[in-house]
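Treat the numbers as computed from the prediction; the structure is a model and nothing was measured. Reminder, nothing fancy here: chain letters follow the sequence lines and each chain counts from 1.
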Amino acid sequence: MIAMTKDDNDIIRQRRAQLQALRERGNAYPNDFRRNILAQELHTRYGDKDKEQLETETEKFSLAGRMMSRRVMGKASFAHIQDMSGRIQLFIRRDDLADDSYAQFRKWDIGDLVGVTGSVFRTRTGELSIQADSIRLLAKSLRPLPEKFHGLSDQEIRYRQRYLDLITSATTRQTFQIRTRVINHIRAYLTGCGFLEVETPMMQAIPGGAAARPFITHHNSLDMDLYLRIAPELYLKRLVVGGFEKVFEINRNFRNEGLSLQHNPEFTMLEFYWAYAGYEDMMSLTETLFRSLAVEVQGDTIVEYQGETYDFGMEFRRLTLRDAVLAHNPELSAGDLDDLDRLRNIAAGKGIEVKDSYGAGKLQVELFEKTVEAQLKQPTFITAYPVEVSPLSRRNEAQPDIADRFELFIGGREIANGFSELNDPDDQAERFRIQAEGKASGDEEAMHYDADYVTALEYGMPPTAGEGIGIDRLVMLLTDTASIRDVILFPQLRTKE
RNA sequence: GGGCCGUUAGCUUAGCUGGUAGAGCAGGGGACUCUUAAUCCCAAGGUCCAGGGUUCGAAUCCCUGACGGCCCA
């Protein structure tokens with residue numbers, strides 16, 4: 001029940017009594033006040049004007065926001081209000097106001113929403129402020145805000161009642177503002193490159209495009225089970241077949257898996273597809289995009305993350321998966337990676353759970369994830385993934401066991417996954433068949449056989465490259481945030497009762 | 001799913017080997033026309049996460065559960 005059990009305390013009772021008095025004086029929740037400027041605009045406009053210059057400034061401004069602090073003296077007071085742009089100090093003198101406004105103001109609380117009209121000036125200590133001609137209460141706050149100095153430190157309340165976190169933490173506000181800027185920038189960038197933004201189904205009869213367990217829901221009037229999508233991939237590629245040769249979608253995926261610092265059941269993914277291009281073109285585009293994102297968000301290409309420094313201005317390192325595994329496991333030889341029996345022993349020796357169904361490719365990837373992934377701090381493209389773990393990727397011309405595929409790692413985490421698309425319908429059908437076999441023998445993450453998608457390929461899909469970028473993890477990087485819960489406004493939590 | 005840690009006033013927290021809960025902020029009353037963690041005086045505020053157990057006595061020790069955090073699978 002969290003805060004709901006805290007309904008009955010002195011503070012709330014007193015504030016409710018004040019609200020009752022307000023109701024008796026008229027509408028306690030008026031909506032006829034209009035502001036004409038935001039706090040930050042005042043700082044921008046007058047930030048470099050000194051006290052004397054401001055004394056000649058007679059323009060009247062109307063601002064509204066939440067009262068975040070108040071210092072009440074006998075006949076004059078200071079207060080700060082906060083709006084969506086920032087804060088500004090108010091100077092409120094009894095003799096400047098009409099009637100009993102000052103007496104009313106004295107009864108208000110931190111957290112109340114107020115509207116104020118007045119002119120700018122600078123205090124003796126130099127703070128740009130509004131000298132109030134009139135001030136009104138626009139909405140009463142009945143519950144006390146978190147303590148002003150330490151703020152809100154209870155993680156649980158920060159997530160469950162995010163509005164309190166947003167009211168009290170400038171860092172949190174900034175994180176989510178950056179998140180929006182990142183998404184806007186990506187959207188503008190891809191649109192500028194000629195990509196068309198589309199929306200594809202979130203509810204799918206066959207969940208495809210990734211190896212993951214889906215959420216299941218039910219459509220009543222059709223009386224059919226549907227899956228929340230684990231990826232939009234197969235629908236976006238149908239659009240490529242349809243002639244939308246450059247498409248992208250930024251939207252939610254849902255995966256029915258555990259929660260961690262990097263996993264939330266619903267998360268945001270960018271996927272984009274580019275006909276007549278290959279996976280190497282995607283790597284180049286990704287580097288350029290990330291570079292421009294860093295500049296957009298923080299003005300240069302240097303990204304500080306959890307005490308480390310990444311330079312998005314440098315060319316990203318490229319390394320094959322095999323070379324990466326060998327480099328981080330010096331006791332292994334190239335031959336070890338091709339010998340299934342040896343691989344099984346090596347993997348088991350490193351504490352990897354080896355299933356009977358695992359082939360050499362899957363074991364190589366398991367080894368990579370166990371011994372290499374977390375070490376890849378600087379931006380690194382890992383290439384040449386085994387076809388065994390890449391059922392939607394094109395085969396390499398020279399090495400048919402290898403897919404023309406890459407993943408991008410930064411800060412030890414997978415940020416992006418891209419490849420040249422498999423557009424041979426017969427090869428795709430065979431790969432689905434193998435996946436469906438795996439599913440039948442108990443692999444819950446194996447893919448379904450999507451015959452409708454194969455049909456689409458049979459009409460002919462242009463040679464295409466595609467990529468997915470995890471937006472939440474990217475925002476974590478760009479906001480120096482350790483937990484995915486800090487970049488999702490309302491992260492998944494257990495319900496309380 | 002496993003391990004470790006946490007949960008005390010609205011918020012931030014103290015509370016040692018078991019002896020009946022203390023502070024700061026916020027809030028209430030009073031003073032104060034340039035404060036900014038405003039200041040000064042006074043008074044108030046607690047289901048110590050929940051349930052069970054040990055004990056003369058439990059916020060404190062034990063068990064179970066809830067929720068959260070971190071680590072691991």
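Under the Watson-Crick or G-U wobble criterion, with both distances below 3.5 Å, B:rG22 is paired with B:rU13. Shown here, B:rU35 forms no base pair; nothing in the strands shown gives a Watson-Crick or G-U wobble contact with both key distances under 3.5 Å. Across all strands shown, B:rA59 forms no Watson-Crick or G-U wobble pair with both key distances under 3.5 Å. With a 3.5 Å ceiling on both atom-pair distances, the Watson-Crick or G-U wobble partner of B:rG6 is B:rC67.
Put simply, A:R93 has no side-chain N or O that comes within less than 4.0 Å of OP1 or OP2 on B:rU35. For B:rG28, the OP1/OP2 oxygens have no side-chain nitrogen or oxygen of A:R13 closer than 4.0 Å. Between A:S153 and B:rU12 there is a side-chain N or O to OP1 or OP2 distance below 4.0 Å. For B:rG10, neither phosphate oxygen OP1 nor OP2 lies less than 4.0 angstrom from any side-chain nitrogen or oxygen of A:R143.
Counting all heavy atoms, side chain and backbone alike, A:L128 lies closest to A:L42 at CD2-O, 3.5 Å. For the pair A:Q364 and A:L337, the tightest heavy-atom approach, listed with the atom from each and the gap, is NE2-O, 2.7 Å.
Residue A:F121 is in base contact, counting any heavy-atom pair closer than 4.0 Å across all strands shown. When heavy atoms are screened at a 4.0 angstrom cut-off, A:Y159 is found touching the sugar-phosphate backbone but no base atom. Among the atoms of the strands shown, none is found under 4.0 Å from any heavy atom of A:R122. Heavy atoms of A:R16 sit nowhere under 4.0 angstrom from any nucleic acid atom. Using a 4.0 Å heavy-atom distance criterion, A:L145 is classed as making no nucleic acid contact. Using a 4.0 Å heavy-atom criterion, one finds that A:G258 contacts no nucleic acid atom at all. Backbone-only contact: A:K370 has heavy atoms under 4.0 Å from sugar-phosphate atoms and none from a base.
Nucleotides B:rG6 and B:rA14 place their C1' atoms 16 Å apart, quoted to the nearest Å. Rounded to a whole angstrom, the distance from the P atom of B:rA44 to that of B:rG19 is 25 Å. Nucleotides B:rC62 and B:rU17 place their P atoms 12 Å apart, quoted to the nearest Å. For the P atom pair drawn from B:rG27 and B:rC72, the interatomic distance equals 43 Å after rounding to whole Å. Nucleotides B:rG29 and B:rU47, compared at atom C1', are 29 Å apart to the nearest Å. The same atom, P, is picked in B:rU8 and in B:rC71; the two are 23 Å apart, to the nearest Å. Annotation: B:rC32 and B:rA66 have their C1' atoms spaced 49 Å apart (nearest Å). Comparing the P positions of B:rG69 and B:rC61 gives an interatomic distance of 24 Å, to the nearest angstrom.
A side-chain donor-acceptor contact under 3.5 Å links A:R473 to the backbone of A:E414.
With ring centers used as reference points, A:F406 lies 6.0 Å or more from A:F419.
Shown for residues 63-79 of chain A: residues whose heavy atoms fall under 4.0 angstrom of RNA chain B, namely A:R70, A:R71, A:V72, A:M73, A:G74, A:K75, A:A76, A:F78.
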Using the salt bridge (Lys or Arg N to Asp or Glu O under 4.0 Å) rule, take A:R122 and A:D50 through it: C-alpha gap first, then chi angles, then the decisive distance, then the call.
CA-CA 7 Å; A:R122 209 169 271 286; A:D50 65 24; over 6 Å; no
Could you please spell out the steps behind the side chain to side chain contact (heavy atoms under 4.5 Å, CB included) verdict for A:D165 and A:Q161?
CA-CA 7 Å; A:D165 190 25; A:Q161 296 177 276; over 6 Å; no
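Nucleotide B:rU7 holds its P atom 15 Å from the CD atom of A:Q155, rounded to whole Å.
A:F267 is linked by a ring-ring contact (aromatic ring centres under 6.0 Å, His included) to nothing, counting only residues two or more places apart in sequence or in another chain. With sequence neighbours excluded, the residues satisfying side chain to side chain contact (heavy atoms under 4.5 Å, CB included) with A:K377 are A:E308, A:Y310. For A:A205, the side chain to side chain contact (heavy atoms under 4.5 Å, CB included) partners at least two apart in sequence or on another chain are A:M224, A:L226. For A:R213, the side chain to side chain contact (heavy atoms under 4.5 Å, CB included) partners are A:N256, A:E444, A:E445, not counting sequence neighbours.
In this model, a side-chain donor or acceptor of A:Q89 finds a partner on the base of B:rU35 within 3.5 Å.
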At a cut-off of 3.5 Å, list every protein nitrogen or oxygen paired with a nitrogen or oxygen from nucleotides 21-24 of chain B, distance to 0.1 Å.
| unit_1 | atom_1 | unit_2 | atom_2 | d |
| --- | --- | --- | --- | --- |
| B:rG24 | N2 | A:E147 | OE2 | 3.4 |

